[in-house]
Amino acid sequence: MTVVLMVRVLDENRNGVEWYSQVTDMPFTPTIGMKIQGFNSCALWETENAGLLVPEIKDISHDIDEKIMFCLFEINEKLVSTSWNRIDENSYGFKHFRGVSQ
């Protein structure tokens with residue numbers, strides 16, 4: 001299954017200040033509350049402060065036409081792993097979570 005991991009970085013007021021995404025194929029269907037550790041032993045959730053996060057999936061959306069699942073994570077630190085792509089609110093995946101409260 002094609003899954004887009006979407007990460008919203010929140011500031012101290014819980015406003016979204018930055019977004020990341022990563023497209024991956026998963027042999028299972030992710031669910032809300034699930035934690036995704038990493039792929040190929042890379043530090044998927046490494047932060048600028050050299051910390052490691054393990055956030056839960058906050059929300060899930062599907063694009064049935066494209067057969068893609070989107071999983072939303074929220075964190076409060078920027079990520080440094082090169083496996084993430086920085087995106088903006090005009091990106092394809094962003095529209096799936098516009099109404100999700102922050």
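We number each residue from 1, following the sequence as shown.
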Atom pair OG1/CG of T82 and N85 - distance to nearest 0.5 Å: 9.5 Å
Residues R8, E74: salt bridge by 4.0 Å N-O rule: yes
Sidechain-backbone polar pair: W45 side chain, I36 backbone, donor-acceptor under 3.5 Å: yes
Joint hydrophobic cluster, V54 plus F28, side-chain heavy atoms closer than 4.5 Å: no
Closest non-hydrogen atom pair between C71 and V3, with its separation: SG-CG1, 3.8 Å
Residue pair S83 / Q22, side-chain donor-acceptor N/O under 3.5 Å: yes
Close side-chain approach of E56 and I32, heavy atoms under 4.5 Å: no
Sub-4.5 Å side-chain heavy-atom contact between Y20 and M6: no
Residue pair T2, V23: steps toward the side chain to side chain contact (heavy atoms under 4.5 Å, CB included) verdict: CA-CA 7 Å; T2 300; V23 178; 3.9 Å; yes
Side-chain touch T47/V80, heavy atoms, less than 4.5 angstrom: no
Closest contact, heavy atoms only, E46 versus L52: CA-CD2, 3.6 Å
Closest contact, heavy atoms only, E77 versus I75: O-CD1, 3.0 Å
4.5 Å side-chain heavy-atom contact, I68 and H62: no
Any residue meeting side chain to side chain donor-acceptor pair (under 3.5 Å) with S21, in chain and number order, not counting sequence neighbours: none
Any side-chain heavy-atom pair of V4 and M69 under 4.5 Å: no
Set of residues satisfying side-chain contact (heavy atoms from CB on, under 4.5 Å) with respect to N13, sequence neighbours excluded: D11, N15
Nearest heavy-atom neighbours spanning N76 and V9: C-CG1, 4.3 Å
Smallest separation among heavy atoms of M1 and P30, with atom names: SD-CD, 4.4 Å
Any donor-acceptor N/O pair, W84 side chain to W19 backbone, under 3.5 Å: no
Contact summary for L5 and F73, nearest pair of heavy atoms: CD2-CE1, 3.8 Å
Min side-chain heavy-atom separation D59-F70 under 4.5 Å: no
